[in-house]
2 protein chains.
Amino acid sequence: MRLSTRGYYGLKAMFDLAQNYGSHPITLKSVAERQRISESYLEQLMAMLRKTGLVKSFRGAQGGYILAREPARITAGDVVRALEGPIAPVYCVNEEEPRECDEVDYCITRTVWLRVRDGITGILDSINLADLCLEAEKVRQTGRGEHIKLNKY
Amino acid sequence: MRLSTRGYYGLKAMFDLAQNYGSHPITLKSVAERQRISESYLEQLMAMLRKTGLVKSFRGAQGGYILAREPARITAGDVVRALEGPIAPVYCVNEEEPRECDEVDYCITRTVWLRVRDGITGILDSINLADLCLEAEKVRQTGRGEHIKLNKY
DNA sequence: TTTTATCTTGAGTAAAATACTCGGTTTTAA
DNA sequence: TTAAAACCGAGTATTTTACTCAAGATAAAA
Ligand code: FES
Ligand code: FES
């Protein structure tokens, strides 16, 4: 029940861009450094994010990446779907092309995965990048107190 | 964001045992047939379920498996954890041994995964095998109407 | 115009995880 | 005694993950 590092790194990168939203393009290199992601790996992720229209890129010197729209209009769900494909704990409840077992009689368990999927998507779709920036701002002001508390896990 | 087939098959198998709860031990072979799981693969899964104390086994002729306790006291979360390990969409929010990134400053994204994890565990822990049996019973009585509706996905 | 910073593309790959299979051993009810 | 089961350990093909690398395209700046 694990996300790959694509979603993990990807959300970090998008959050980084969100925090720099409104200024000049941000270079992949600087994102990679701040977020401690391999530069060449992040290249691939950014390519996916660009292809799905979540970021815009500018080539050449002074180039870089910016969010394709306001942080408030990009959700964590958008990012995860761009990098990991449709959300589905198991094949038969895939968001896009669900496949069914042969024997419907024995598919009661499917309702479990359906509920799990809807739980996940509900949460991911309810969080946008502006929320995260706001939270970061709060953490910065309270001297990270709040964040430390979260780290009890 | 996908479960492996272990959790998928495992829940099916446990549901099968739950439906036969109270009678004689059920052979692995018959579970495998009904649920269309490879017999030798299911062997491994049952071994894991036995080691975590969710099922009891009886060897020899007329042997088989039974649930180790009432269906109402076994949750989907128990089954998934037994087969896939602690639930964690990303490493740093692992239920058991969370690892943190080096830079707490950039860990706002962690709160997302934390919420996702709690969403998943909340759902999985709230569903027990007796619930599923009840649902199956309902489906059987209403001629599967309800189940078909769910399959719109 | 040349240089340099940057994105872009495609190919390649090592390691891990997945989803199994198989053959043999042990146990136990009939 | 026999046959039906669980048990065990090893092996393996395939897929996925998590990268790396090198060459090319583009555009701003010198
Ligand atoms: S449709 Fe997937 S469990 Fe049956
Ligand atoms: S602790 Fe995992 S994203 Fe920072």
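Residue numbers begin at 1 in each chain, while the letters A, B, ... track the order of the sequences. Model, not experiment: these values are computed from the prediction. FYI, side chains are in, hydrogens and waters are out, and symmetry mates aren't considered; it's all heavy atoms of this structure.
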Subject >> Heavy-atom donor-acceptor pair, R59(B) side-chain to dT28(C) base, under 3.5 Å >> reply: no
**OP:** Each residue besides F58(B) in its hydrophobic cluster should be listed here, by chain and number; the cluster joins Ile, Leu, Val, Met, Phe, Trp and Tyr at side-chain heavy-atom distances under 4.5 Å.
**Re:** I66(B)
Original post:
When Ile, Leu, Val, Met, Phe, Trp and Tyr are grouped by side-chain heavy atoms lying under 4.5 Å apart, directly or through other members, which residues fall in the same group as L134(B)?
Top reply: none
**OP:** Please determine if a side-chain N or O atom of Y65(A) lies less than 4.0 Å away from the OP1 or OP2 oxygen of dT8(C).
**Re:** yes
Subject >> OP1 or OP2 of dT8(C) under 4.0 Å from side-chain N/O of S57(A) >> reply: yes
Original post:
What are the two closest non-hydrogen atoms of R50(B) and S57(B), and how far apart are they?
Top reply: CD-OG, 3.3 Å
Original post:
Between Y9(B) (OH) and dA19(C) (P), how many Å, whole number?
Top reply: 8 Å
Original post:
Quick one: L3(B) CG to dA17(C) C1', roughly how many Å, whole number?
Top reply: 14 Å
Subject >> Start and end of chain A contact along DNA chain D [non-hydrogen atoms, under 4.0 Å] >> reply: dT17(D) to dA29(D)
Subject >> Distance, nearest 0.5 Å, that separates CD of E39(B) from CE of M46(B) >> reply: 12.0 Å
Original post:
Measuring from I37(B):CD1 to Y8(B):OH, what's the distance to the nearest 0.5 Å?
Top reply: 9.0 Å
**OP:** Taking D118(A) for its side chain and R115(A) for its backbone only, find out whether a donor-acceptor pair lies under 3.5 Å.
**Re:** no
**OP:** Check the pair V31(B), Y65(B) against side-chain contact (heavy atoms from CB on, under 4.5 Å), reporting the backbone distance first and the verdict last.
**Re:** CA-CA 10 Å; V31(B) 174; Y65(B) 295 91; over 6 Å; no
Subject >> Working for side-chain contact (heavy atoms from CB on, under 4.5 Å), residues N20(A) and R34(A) >> reply: CA-CA 12 Å; N20(A) 290 290; R34(A) 272 191 299 273; 3.8 Å; yes
Subject >> Net bend of the helix from dT1(C)-dA30(D) to dA30(C)-dT1(D), end axes of five pairs each, nearest 10 degrees >> reply: 10°
**OP:** Decide yes or no on side-chain contact (heavy atoms from CB on, under 4.5 Å) for T5(A) and Y41(A), but give the supporting numbers first.
**Re:** CA-CA 10 Å; T5(A) 56; Y41(A) 190 34; 3.4 Å; yes
**OP:** List in chain and number order the residues that pass side-chain hydrogen bond (donor to acceptor under 3.5 Å, both in side chains) with S40(B), two or more places apart in sequence or in another chain; answer none if no residue qualifies.
**Re:** none
Original post:
Do any of residues 38-56 of chain A sit with a heavy atom less than 4.0 Å from DNA chain C, and if so which?
Top reply: E43(A), Q44(A), R50(A)
Subject >> Test side-chain contact (heavy atoms from CB on, under 4.5 Å) applied to K12(B) and L42(B), step by step >> reply: CA-CA 11 Å; K12(B) 282 187 174 201; L42(B) 186 57; over 6 Å; no
